Asks: 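Take a look at this one; I'll ask things after.
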Amino acid sequence: QVFQGIGFHLASETLADEEFCILDTVLRSNHPELVEYLENAHAMIGGTPVEAYRWVRIHMTVEAEHRDAALASADLAVRYYAGAQTQDCVRQWIVEGIQRFAAIQAEFMEGLTSPEFEECTTSGGR
């Protein structure tokens with residue numbers, strides 16, 4: 001399960017910049033009022049007001065460093081694994097985690113264009 005978790009995290013870091021670009025495009029195209037609200041709303045983080053939409057915007061560019069660190073960590077995890085299974089088996093566990101992330105992410109992205117999301121964002125729901 002730990003190695004599947006490493007794969008899940010690796011996939012999230014590898015796809016994050018693209019995923020946030022897609023999220024930004026979908027939100028700007030389908031929900032411009034929500035984006036405008038979030039760009040003008042501020043949350044307090046460490047005593048500093050921060051634009052609420054910054055979380056989406058910043059993740060469109062900083063993920064390359066996170067991806068590189070995740071790849072290096074996965075490599076080290078395989079290299080230092082001391083259990084009874086082969087390194088190929090451990091790599092397969094990592095791939096299974098990547099596949100699990102891909103399935104969940106695909107469902108999330110499909111949900112961005114679902115009628116339920118549209119209803120929630122236009123009716124003032126959360």
Side-chain angles (χ1 to χ4, degrees):
Q1 288 179 340
V2 169
F3 288 98
Q4 288 178 354
I6 289 170
F8 192 94
H9 179 251
L10 177 59
S12 74
E13 295 297 354
T14 301
L15 299 175
D17 57 344
E18 183 177 340
E19 132 194 341
F20 277 95
C21 287
I22 292 169
L23 176 62
D24 179 62
T25 298
V26 169
L27 290 175
R28 287 184 186 281
S29 296
N30 299 342
H31 308 286
E33 300 85 12
L34 174 62
V35 173
E36 182 179 355
Y37 172 80
L38 292 172
E39 287 178 331
N40 292 307
H42 289 82
M44 296 299 285
I45 299 177
T48 303
V50 177
E51 171 200 328
Y53 201 73
R54 180 173 169 79
W55 182 77
V56 173
R57 188 182 349 273
I58 198 167
H59 282 87
M60 293 189 301
T61 58
V62 300
E63 294 305 320
E65 291 176 21
H66 295 164
R67 178 201 61 231
D68 292 347
L71 283 167
S73 297
D75 182 56
L76 289 171
V78 171
R79 189 178 324 162
Y80 291 113
Y81 170 73
Q85 301 300 321
T86 66
Q87 285 188 340
D88 285 341
C89 180
V90 173
R91 286 186 191 97
Q92 181 57 40
W93 291 335
I94 292 173
V95 168
E96 290 168 7
I98 291 169
Q99 292 169 333
R100 196 165 83 221
F101 175 85
I104 292 169
Q105 193 62 10
E107 184 179 337
F108 171 74
M109 289 298 181
E110 288 173 15
L112 290 176
T113 57
S114 73
E116 294 84 9
F117 184 76
E118 179 71 29
E119 180 181 315
C120 179
T121 58
T122 58
S123 67
R126 295 177 191 242

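Keep in mind the model is a prediction, meaning the values are calculated, not measured.
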Asks: Any chance CZ of Arg57 has more than 12 other-residue heavy atoms, nucleotides or ligands included, within less than 6.0 Å?
Replies: yes

Asks: Can Phe101 be reached from Ile22 by stepping across I, L, V, M, F, W or Y side chains whose heavy atoms are under 4.5 Å apart?
Replies: no

Asks: Counting heavy atoms not belonging to Glu65, are there more than 12 under 6.0 Å from its CD?
Replies: no

Asks: Does one hydrophobic cluster hold both Val56 and Val26, with members joined at side-chain heavy-atom distances below 4.5 Å?
Replies: yes

Asks: Give the other cluster members for Met44, using side-chain heavy-atom distances under 4.5 Å between Ile, Leu, Val, Met, Phe, Trp and Tyr residues; answer none if it is isolated.
Replies: none

Asks: Residues sharing Leu71's hydrophobic cluster, by side-chain heavy-atom contacts under 4.5 Å among ILVMFWY, directly or via others?
Replies: Val2, Phe3, Ile6, Leu10, Val78, Tyr81, Val90, Trp93, Ile94, Ile98

Asks: Considering only Ile, Leu, Val, Met, Phe, Trp and Tyr, and joining two whenever side-chain heavy atoms are under 4.5 Å apart, list the other residues clustered with Tyr80.
Replies: Leu76

Asks: Can Leu38 be reached from Val50 by stepping across I, L, V, M, F, W or Y side chains whose heavy atoms are under 4.5 Å apart?
Replies: no

Asks: Hey, could you give me the OG1/CD distance between Thr14 and Glu19, rounded to the nearest 0.5 Å?
Replies: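 One finds 10.5 Å between OG1 of Thr14 and CD of Glu19.
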
Asks: Give me the one residue out of Gln99, His9, Arg100 that meets side chain to side chain contact (heavy atoms under 4.5 Å, CB included) with Gln4.
Replies: Arg100

Asks: Nearest 0.5 Å please: distance from the CD atom of Glu36 over to the CZ atom of Arg28.
Replies: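 One gets 10.5 Å once the value is rounded to the nearest 0.5 Å.
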
Asks: With a 4.5 Å limit on heavy-atom distance, are the side chains of Cys89 and Gln92 in contact?
Replies: no

Asks: If you look at every heavy atom in Glu13 and Arg67, which pair is closest and at what distance?
Replies: O-CB, 3.7 Å

Asks: Using the rule that Ile, Leu, Val, Met, Phe, Trp and Tyr join whenever any side-chain heavy atoms are under 4.5 Å apart, tell me whether Leu23 and Tyr37 fall into a single cluster.
Replies: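 Leu23 and Tyr37: one cluster.
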
Asks: Can you list the residues that meet the side chain to side chain donor-acceptor pair (under 3.5 Å) rule with Asp75, with sequence neighbours excluded?
Replies: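 Partners of Asp75 under the side chain to side chain donor-acceptor pair (under 3.5 Å) test: Arg79.
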
Asks: Remaining members of Val95's ILVMFWY cluster at a side-chain heavy-atom cut-off under 4.5 Å?
Replies: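 Val95 clusters with nothing; isolated.
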
Asks: With side chains defined as the heavy atoms from C-beta onward, is the minimum distance between Leu15 and Gln105 less than 4.5 Å?
Replies: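 Answer no - side chains too far apart.
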
Asks: Look up atom CD in Glu39 and atom CG in Leu34, then write down how far apart they are to the nearest 0.5 Å.
Replies: 10.0 Å

Asks: Quick one: list whatever passes ring-ring contact (aromatic ring centres under 6.0 Å, His included) with His59, sequence neighbours left out.
Replies: Phe20, Trp55

Asks: Give a yes or no answer on whether the side chain of His42 reaches the backbone of Asn40 with a donor-acceptor pair at less than 3.5 Å.
Replies: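 Pair found, side chain donor or acceptor close to backbone of Asn40.
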
